[in-house]
Protein chains: 2
Amino acid sequence: MPPSGRPRADARANRERLLAEADAVFREHGTDASLEAIAKRAGLATGTLYGHFRTRRALLSALMGDRNEALFTAGDALADEPPAVALRTWIDLTVVHAATYRGLAAHLADGTDDASSELHASCVRMAAITHTLVRRAADAGVIRPSTTAADLSMLITACAWAREHASPERAGRLIDQVLNGVFVPPHS
Amino acid sequence: MPPSGRPRADARANRERLLAEADAVFREHGTDASLEAIAKRAGLATGTLYGHFRTRRALLSALMGDRNEALFTAGDALADEPPAVALRTWIDLTVVHAATYRGLAAHLADGTDDASSELHASCVRMAAITHTLVRRAADAGVIRPSTTAADLSMLITACAWAREHASPERAGRLIDQVLNGVFVPPHS
DNA sequence: CTACTAAGTCGAGGCTACCTCGAATTGACC
DNA sequence: GGTCAATTCGAGGTAGCCTCGACTTAGTAG
């Protein structure tokens, strides 16, 4: 009776296949794609997929794993940059991240306040980085003091959502508009 | 053989029932709600629903009919207001409009450039009003000249989407952020 | 090498929803 | 009241979700 904490070799391999196919299918059809199609493409039965990932969100969460780590690392590294640059870079990074698959932004938006979601931890981590950068930018006086990290997170996610419905270039312009404002500032 | 261009009385009544129940169900469950449930609540067979509205979007479109008219009227009336006020009012109106049902914003975003959609006409009309107001605001110098009506439409829809995932108050703050900018403007 | 067992896999099957179509019904007009 | 086109009905085919018990197999120990 070997209580080896490690999954069986075939299980590990199957998990990888599932993740690979899920990535491909989600890229092509968005996060609402058929899970059965993913299992089929991986040459596995649907029950096997559900054995590895109990819900669609669990699958999504696992899929974002590596990518999240990279994002967090990049986010932490921004501590050395000037506040305005750091914030802008972070925003660009997260928008691209949240627009990985069509439909992902909605999951992230809900994940922020739905603690039961497997994506919640990632959302919290992202929020923390955003918070730090916002605070630093506010202290430096480069953003309006009334801007909260929570609001900015929502704006970022909204831009990611917009990116799903328009071209990346267009999404880039939208970020500019959001950051610099639509209205011309009043003369001081 | 009366080629009366008008539908039969029962058909008209059924159509009204379907619209009423659809409104209720969409309000409760969003635009992805079950169409069969709507038919059932209206006491009709699913085939009847499909007879009246060939697609979900057609139903959605019919549902927005009256509401759209009111919005367009209000939009046209804004011609008398000062440019900045007019634009801001229009934005508030459209965000609320686009957030009528959870999921509607996505349909509107796609409808703008999907000419085959039944929502397309409404989207075009809305875009036209936005265009007029943006132009007037730009001429008056209250918004950045680089702001296009298309981009602003997308921003509006994105705010409406955000409203589906947060409180109305929060959404209002987001609109403020978008219009006034996150960054503090450079000193002139 | 064999036998054992827990871990993993399979896929049929129950469910819900979508949408279509031919048969049955019924309102409108003569 | 008869006629017929408009309308309604709902069964049925398709697809996707998810579960569960039966089956298979990797990994270990003797």
Side-chain angles (χ1 to χ4, degrees), chain A residues 1-22 24-26 28-63 101-103 106-107 110 116-118, chain B residues 1-22 24-26 28-63 101-103 106-107 110 116-118:
Chain A
M1 54 192 71
S4 60
R6 212 179 171 204
R8 249 162 54 177
D10 56 342
R12 264 178 294 143
N14 285 339
R15 190 187 151 94
E16 288 313 308
R17 302 208 53 179
L18 285 168
L19 285 172
E21 295 302 333
V25 172
F26 283 155
E28 191 169 357
H29 301 292
T31 59
D32 287 339
S34 156
L35 297 186
E36 301 209 315
I38 293 172
K40 184 173 238 173
R41 277 181 59 154
L44 298 168
T46 70
T48 303
L49 187 152
Y50 284 98
H52 283 277
F53 308 101
R54 271 202 294 176
T55 65
R56 182 182 297 272
R57 291 177 86 120
L59 175 53
L60 270 176
S61 188
L63 219 31
Y101 311 122
R102 186 158 32 85
H107 284 278
D110 293 340
S116 70
S117 159
E118 296 88 350
Chain B
M1 54 191 74
S4 61
R6 212 177 171 205
R8 249 162 55 177
D10 57 339
R12 264 177 293 143
N14 285 339
R15 190 187 151 94
E16 289 312 308
R17 300 208 54 179
L18 284 168
L19 285 172
E21 295 303 333
V25 172
F26 282 155
E28 191 169 356
H29 301 291
T31 60
D32 287 339
S34 157
L35 297 186
E36 299 209 315
I38 292 173
K40 182 174 239 176
R41 277 181 58 153
L44 298 168
T46 70
T48 304
L49 187 152
Y50 284 99
H52 283 277
F53 309 102
R54 272 203 293 181
T55 65
R56 181 182 299 272
R57 291 178 87 121
L59 175 54
L60 227 32
S61 186
L63 219 33
Y101 312 121
R102 185 158 32 87
H107 285 278
D110 293 340
S116 70
S117 160
E118 295 88 350

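First the proteins, then the strands, lettered A, B, ... as listed; each starts at 1.
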What's the [atom1]-[atom2] distance between [X] and [N], to the nearest Å?
X: B/D10; N: C/dG27; atom1: CG; atom2: P; value: 6 Å
X: B/K40; N: D/dA11; atom1: NZ; atom2: P; value: 12 Å
X: A/R15; N: C/dA7; atom1: CZ; atom2: C1'; value: 15 Å
X: A/R17; N: C/dG8; atom1: CZ; atom2: P; value: 18 Å
X: B/R6; N: C/dG27; atom1: CZ; atom2: C1'; value: 13 Å

Please list, in numerical order, the residues of residues 28-38 of chain B that have a heavy atom closer than 4.0 Å to any atom of DNA chain C.
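Contacts with DNA chain C under 4.0 Å: B/A33, B/S34, B/L35, B/E36.
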
Can you sort out which residues in residues 47-58 of chain A have a heavy atom within less than 4.0 Å of DNA chain C? Ascending by number, please.
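Per residue number, the list reads A/G47, A/T48, A/H52.
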
Minimum side-chain heavy-atom gap B/L19-B/F53 below 4.5 Å:
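Of all side-chain heavy-atom pairs linking B/F53 with B/L19, at least one is under 4.5 Å.
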
Check: A/T31 and A/R102 side chains under 4.5 Å, non-hydrogen atoms
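A side-chain contact is absent here, since even the closest heavy-atom pair is not under 4.5 Å.
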
List the residues meeting ring-ring contact (aromatic ring centres under 6.0 Å, His included) with B/Y50, not counting sequence neighbours, and say none if there are none.
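Expected list: none.
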
Both B/R8 and B/T46 contact DNA chain C. Taking the nearest nucleotide for each, which residue is further toward the 5' end?
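So the residue in question is B/T46.
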
Donor-acceptor contacts, no H, no angles, side chain residues 36-47 of chain A, under 3.5 Å, sequence neighbours left out:
from, atom 1, to, atom 2, distance (Å)
A/R41, NE, A/E21, OE1, 3.0
A/R41, NH2, A/E21, OE1, 3.3

Below the 4.0 Å mark, does C/dG8 have OP1 or OP2 next to a side-chain nitrogen or oxygen of A/N14?
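So the side chain of A/N14 is outside the cut-off, no N or O lying under 4.0 Å from OP1 or OP2 of C/dG8.
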
Salt bridge (Lys or Arg N to Asp or Glu O under 4.0 Å) against B/R8, all qualifying residues, sequence neighbours excluded
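Applying salt bridge (Lys or Arg N to Asp or Glu O under 4.0 Å) to B/R8 gives B/D10.
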
Partners meeting salt bridge (Lys or Arg N to Asp or Glu O under 4.0 Å) with B/E118 (sequence neighbours left out):
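B/E118 satisfies salt bridge (Lys or Arg N to Asp or Glu O under 4.0 Å) with no other residue.
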
Can you name the nearest heavy-atom pair linking B/F26 to B/L63, along with the distance?
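Scanning both residues completely, I find the closest heavy atoms to be CD1-CD2, 3.5 Å.
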
Nearest 0.5 Å, what's the CZ-CG distance between A/R56 and A/L35?
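It is 4.0 Å, given to the nearest 0.5 Å.
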
